[in-house]
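Structure record follows, encoded as structure tokens.
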Amino acid sequence: MNFKHTHQLNSQIYRDALSVRQAVFIEEQQIDPTLEIDANEAQAIHFVGYQAALPVVTARLLTEPGGYHVQRVATLKAYRHQQRANALFRELIAYARTHQQQYLILGAQDHALGFYQQLGFHQTKRPGFLDAGIPHHEMRLDLV
């Protein structure tokens, strides 16, 4: 896999991220498009993983004091259970460490809690919550 990232909303990388997000969140999970693309797009660092030039996995990072908030993690259905998201998280972790961040935090859809746990994330004390009508729990990975 080849990974690229951008801050630029007019870049092909960002358009590729949106194409994966549209397929997963809007088409597959039926999330309202007005909730999927939000005001944080311009502040985020958008990552895309490519398989033979095809965008197949994506996530974005938002800067917080001391760490990054991971959001919009998505893998195209045909590429799930093939270690693509694992490779994406290795990339995100390496990026965070290079930028001397202390943690990654995210809101995990409940069906994906086991995936994040196997990456080393743990649930925080924040109670479960709904995001776009989908049950989530906050999870954190300490990098130091």
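From a predicted model like this one, the values you see are computed outputs, not experimental measurements.
Looking only at distances, a side-chain donor or acceptor of Arg80 sits under 3.5 Å from a matching main-chain atom of Thr75.
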For His46 and Leu9, what are the C-alpha separation, side-chain angles and deciding distance, and is it a side-chain contact (heavy atoms from CB on, under 4.5 Å)?
CA-CA 9 Å; His46 303 272; Leu9 299 186; 3.9 Å; yes
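Taken together through direct or relayed side-chain contacts under 4.5 Å among Ile, Leu, Val, Met, Phe, Trp and Tyr, Leu88 and Val48 form parts of separate hydrophobic clusters. Ile105 and Tyr116 are members of different hydrophobic clusters when ILVMFWY side chains are connected at heavy-atom separations under 4.5 Å. Criterion: ILVMFWY side-chain heavy atoms under 4.5 Å apart, direct or through other members. Under it, Val56 and Leu18 are not part of a common hydrophobic cluster. Tyr50 and Val20 are not part of a single hydrophobic cluster, where members link through side-chain heavy atoms under 4.5 Å apart.
The minimum heavy-atom distance linking His69 with Gly107 is given by the pair NE2-N, 4.3 Å. Heavy atoms only, all atoms of each residue included: Gln117 and Met139 are closest at CG-CE, 3.6 Å. The two atoms that bring Tyr103 and Arg140 nearest to each other are CD2-NH2, 3.4 Å, heavy atoms only. Here the shortest heavy-atom pairing between His122 and Asp142 reads CE1-OD2, 3.7 Å.
Side-chain contact between Glu36 and Arg72 is present, with at least one heavy-atom pair separated by less than 4.5 Å. Side-chain contact between Phe25 and Leu35: absent, with no pair of heavy atoms (C-beta onward) separated by less than 4.5 Å. Inter-residue side-chain proximity for Phe89 and Leu141 is flagged as unmet; no heavy-atom pair is nearer than 4.5 Å. Looking at Leu62 and Tyr68, their side chains never come closer than 4.5 Å, going by heavy atoms from C-beta outward. Counting heavy atoms from C-beta outward, Leu76 and Val57 have side chains that stay 4.5 Å or more apart.
Atom-to-atom distance recorded for Thr58:OG1 and His5:NE2 is 12.5 Å, nearest 0.5 angstrom. Here the CE-CZ distance, from Met1 to Arg90, works out to 10.0 Å after rounding to the nearest 0.5 Å. If you take CD on Glu28 and CD on Gln30, they are separated by 9.5 Å, rounding to the nearest 0.5 Å. Remark: Glu27 CD to Lys77 NZ distance equals 12.0 Å, nearest 0.5 Å. One distance of note links CG of Leu92 with CZ of Phe3; it measures 8.0 Å at 0.5 Å rounding. Taken from CD1 in Ile37 to CD1 in Ile31, the straight-line distance is 12.0 Å, to the nearest 0.5 Å.
By the neighbour-count criterion of 12 heavy atoms within 6.0 Å, atom NE2 of His111 is densely surrounded, having more than that number from other residues, nucleotides or ligands. For Gln100, the CD atom is loosely surrounded, since the number of other residues' heavy atoms within 6.0 Å does not exceed 12.
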Kindly list each side-chain donor-acceptor pair under 3.5 angstrom involving residues 124-133, sequence neighbours excluded, with atom names and distances?
| unit_1 | atom_1 | unit_2 | atom_2 | d |
| --- | --- | --- | --- | --- |
| Thr124 | OG1 | Arg126 | N | 3.3 |
| Thr124 | OG1 | Glu138 | OE1 | 2.8 |

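Residues that satisfy the side chain to side chain contact (heavy atoms under 4.5 Å, CB included) test with Ser11, not counting sequence neighbours, are Thr6, Gln8, Ile13, Tyr14.
Between Gln29 and Gln109, the side chains place a donor N or O and an acceptor N or O closer than 3.5 Å (distance only, hydrogens not considered).
A side-chain contact (heavy atoms from CB on, under 4.5 Å) with Arg60 is found for one member of Ile45, Asn40, Val73 and no other, namely Asn40.
Taking the six-membered ring for Trp and thresholds of 30 and 60 degrees, Tyr95 and Phe47 have ring planes more than 60 degrees apart, a perpendicular arrangement.
Think of Ile26 as one node in a network of Ile, Leu, Val, Met, Phe, Trp and Tyr side chains linked at under 4.5 Å; it has no links at all.
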